2 protein chains.
Amino acid sequence: MFSKACEYGIKASIFIALNSLEHRRVGPKEISKEINSPEAFTAKILQALVRNNIVNSIKGAHGGFEIDKKDIKTIMLADIVNAIDGDNIYKGCGLGLQQCNADKPCPMHEKFKLVRAELKNLLESTDLESLALDIKLGESFLKN
Amino acid sequence: MFSKACEYGIKASIFIALNSLEHRRVGPKEISKEINSPEAFTAKILQALVRNNIVNSIKGAHGGFEIDKKDIKTIMLADIVNAIDGDNIYKGCGLGLQQCNADKPCPMHEKFKLVRAELKNLLESTDLESLALDIKLGESFLKN
DNA sequence: TGTAAAGAGGACAATTTTGTCCGAATTAAA
DNA sequence: TTTAATTCGGACAAAATTGTCCTCTTTACA
Ligand code: FES
Ligand code: FES
């Protein structure tokens with residue numbers, strides 16, 4: 001469904017948000033440990049999230065990654081997925097036609113667009129704050 | 001969403017079904033032309049579909065691929081996807097946790113399982129015959 | 001029985017994705 | 001001002017996916 005990079009990016013963002021709510025910065029080492037991902041690769045993904053203005057990085061001693069507290073409830077999963085995997089998952093044809101076009105649809109189009117819409121709804125209606133709070137309450141987990 | 005191999009496998013199956021309904025066998029060359037896929041790679045995928053008893057192959061002169069007419073309406077998209085991509089798309093966690101487990105869910109679990117169920121429903125309720133007939137009626141297309 | 005038309009299968013190659021490493025730049029604090 | 005802790009960026013490496021090619025086997029038919 002999502003690329004590994006995207007999965008790591010989402011989980012990292014949630015973990016950073018969780019910590020930013022308590023004014024703690026976190027680094028790649030702690031993040032990759034908490035989300036069970038390779039550290040160096042995770043660091044690369046964090047760079048991408050920084051470039052896309054989803055997380056902030058503070059260099060130097062006592063640095064790390066954080067998310068502006070006021071932004072945590074407005075950053076949607078869709079923003080993260082878009083930054084890393086692009087928008088093909090929303091807009092692309094399920095059978096890989098060059099473009100999904102209702103006027104010349106693939107055989108799966110009618111049914112597939114429902115799945116895509118459900119996914120789009122999920123991603124566009126879910127913000128980082130709610131996900132972070134679920135973790136905090138022990139109702140969900142970032143690794144198993 | 002699906003791998004290229006799976007996309008080609010689905011489209012090839014539909015095209016073979018379409019022809020089998022009219023008692024024509026087709027080969028990799030014609031198939032790859034009709035579904036706009038690389039010929040040799042498509043041939044590899046056809047082998048996999050044969051091994052999984054989804055299509056039959058007849059070797060030798062006048063050979064080619066076909067699907068038993070009586071099977072066309074009982075072969076579901078799910079069978080093809082399963083044969084090529086496995087069942088991760090139905091059962092796997094959206095955030096890549098080793099297993100999707102409602103007792104220790106990832107933060108996306110509650111919403112993601114709806115998307116997955118919608119997809120599962122699509123794949124398990126769609127048979128090759130209906131897809132092939134849509135093509136035949138000019139209501140859908142295998143390339144653009 | 002010979003030949004041409006097919007699929008099967010293995011080796012290989014290209015590309016993309018995933019992952020690692022290291023030096024440079026930045027910053028806080030001693 | 002030095003040092004240690006940190007992110008950044010580029011080069012590199014490994015693995016997975018996608019794609020190609022060639023030979024072998026099978027089969028229909030002249
Ligand atoms: S054309 Fe394939 S999903 Fe719309
Ligand atoms: S645990 Fe992630 S989708 Fe169920």
Side-chain angles (χ1 to χ4, degrees), chain A residues 1-13 15-16 19-20 24-33 35-67 81 83-86 88-89 92 95-96, chain B residues 1-13 15-16 19-20 24-33 35-67 81 83-86 88-89 92 95-96:
Chain A
M1 184 73 73
F2 306 115
S3 68
K4 282 291 166 195
C6 194
E7 290 176 2
Y8 299 152
I10 293 171
K11 289 189 276 194
S13 298
F15 182 66
I16 296 166
N19 282 277
S20 291
R24 287 186 68 239
R25 285 177 194 152
V26 285
K29 182 167 317 212
E30 188 180 357
I31 294 171
S32 59
K33 192 180 162 198
I35 71 177
N36 193 32
S37 67
E39 179 179 333
F41 189 41
T42 306
K44 272 279 159 6
I45 296 157
L46 289 167
Q47 287 184 38
L49 292 173
V50 169
R51 278 195 298 274
N52 282 275
N53 302 309
I54 292 169
V55 317
N56 302 121
S57 69
I58 290 85
K59 285 190 196 175
H62 294 196
F65 297 91
E66 63 181 20
I67 302 179
V81 171
I84 300 177
D85 278 353
N88 197 263
I89 199 132
L95 286 185
Chain B
M1 183 75 73
F2 306 114
S3 67
K4 282 291 167 196
C6 194
E7 290 175 2
Y8 299 151
I10 293 171
K11 289 189 275 194
S13 298
F15 182 66
I16 295 167
N19 282 278
S20 292
R24 285 186 72 239
R25 285 179 193 150
V26 286
K29 182 167 318 210
E30 188 180 357
I31 295 171
S32 58
K33 192 179 162 199
I35 72 177
N36 195 31
S37 67
E39 179 179 334
F41 188 42
T42 306
K44 274 278 154 21
I45 297 158
L46 289 168
Q47 287 183 38
L49 292 174
V50 169
R51 279 193 297 274
N52 282 274
N53 302 308
I54 291 168
V55 316
N56 302 121
S57 70
I58 290 85
K59 285 191 197 176
H62 294 197
F65 297 92
E66 62 180 21
I67 302 179
V81 172
I84 300 177
D85 278 354
N88 197 262
I89 198 131
L95 286 185

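A quick note: this is a predicted structure, and the numbers were derived from the prediction, not measured. In what follows, every chain begins at residue 1, and chains take the letters A, B, ... in the order their sequences are listed.
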Discussion item. Rounded to the nearest 0.5 Å, what separates atom CD1 in I89(B) from atom OG in S3(B)?
Written reply: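 OG of S3(B) is found 9.0 Å from CD1 of I89(B).
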
Worksheet item: Roughly how far apart are I45(A) CD1 and I84(A) CD1, rounded to 0.5 Å?
Response: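 I45(A) CD1 to I84(A) CD1: 6.0 Å, rounded to 0.5 Å.
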
Worksheet entry | Pair listing, salt bridge (charged side-chain N to carboxylate O under 4.0 Å, His left out) test, anchored in residues 44-65 of chain B, at least two apart |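 Listed by first then second residue: nothing to list.
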
Worksheet item: Looking at residues at least two apart in the chain, or sitting in another chain, which of them share a side-chain hydrogen bond (donor to acceptor under 3.5 Å, both in side chains) with S57(A)?
Response: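 S57(A) satisfies side-chain hydrogen bond (donor to acceptor under 3.5 Å, both in side chains) with no residue once adjacent residues are dropped.
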
Worksheet item: Mind checking what makes side-chain hydrogen bond (donor to acceptor under 3.5 Å, both in side chains) contact with T42(A), not counting sequence neighbours?
Response: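 T42(A) satisfies side-chain hydrogen bond (donor to acceptor under 3.5 Å, both in side chains) with S37(A) once adjacent residues are dropped.
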
Discussion item. I'd like to know if the side chain of N52(A) and the backbone of A48(A) have a donor-acceptor N/O pair within less than 3.5 Å.
Written reply: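 Here the side-chain-to-backbone pair exists.
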
Worksheet item: Which ring-ring contact (aromatic ring centres under 6.0 Å, His included) pairs, counting each pair once, include a residue from residues 35-56 of chain A, with sequence neighbours left out?
Response: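 Counting only pairs at least two positions apart or across chains, the ring-ring contact (aromatic ring centres under 6.0 Å, His included) contacts touching residues 35-56 of chain A are Y8(A)-F41(A).
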
Discussion item. For K4(A), is there an ion pair with E7(A) - N to carboxylate O distance below 4.0 angstrom?
Written reply: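 K4(A) and E7(A): salt-bridged.
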
Can you check the [X] [atom1] to [N] [atom2] distance for me, whole Å?
X      : N       : atom1 : atom2 : answer
D85(B) : dA16(D) : CG    : C1'   : 13 Å
E39(B) : dT18(D) : CD    : P     : 19 Å
I84(B) : dA16(D) : CD1   : C1'   : 17 Å

Worksheet item: DNA chain D: C6(B) or K44(A), which has the more 5' nearest nucleotide?
Response: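 Of the two residues, K44(A) wins.
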
Atom pairs, N/O to N/O, protein against nucleotides 6-8 of chain D, distance under 3.5 Å?
from	atom 1	to	atom 2	distance (Å)
dT7(D)	O3'	S57(A)	OG	3.2
dC8(D)	OP1	S57(A)	OG	2.6

Worksheet item: Quick one: which of dG9(D), dT20(D), dG19(D) gets closest to the side chain of A40(B)?
Response: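 Shortest atom-to-atom distance from the side chain points to dT20(D).
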
Practice prompt. Provide the start and end nucleotides, 5' to 3', of the part of DNA chain C that has atoms under 4.0 Å from heavy atoms of chain B.
Written response: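 Listed 5' to 3', the contact boundaries are dA5(C) to dA11(C).
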
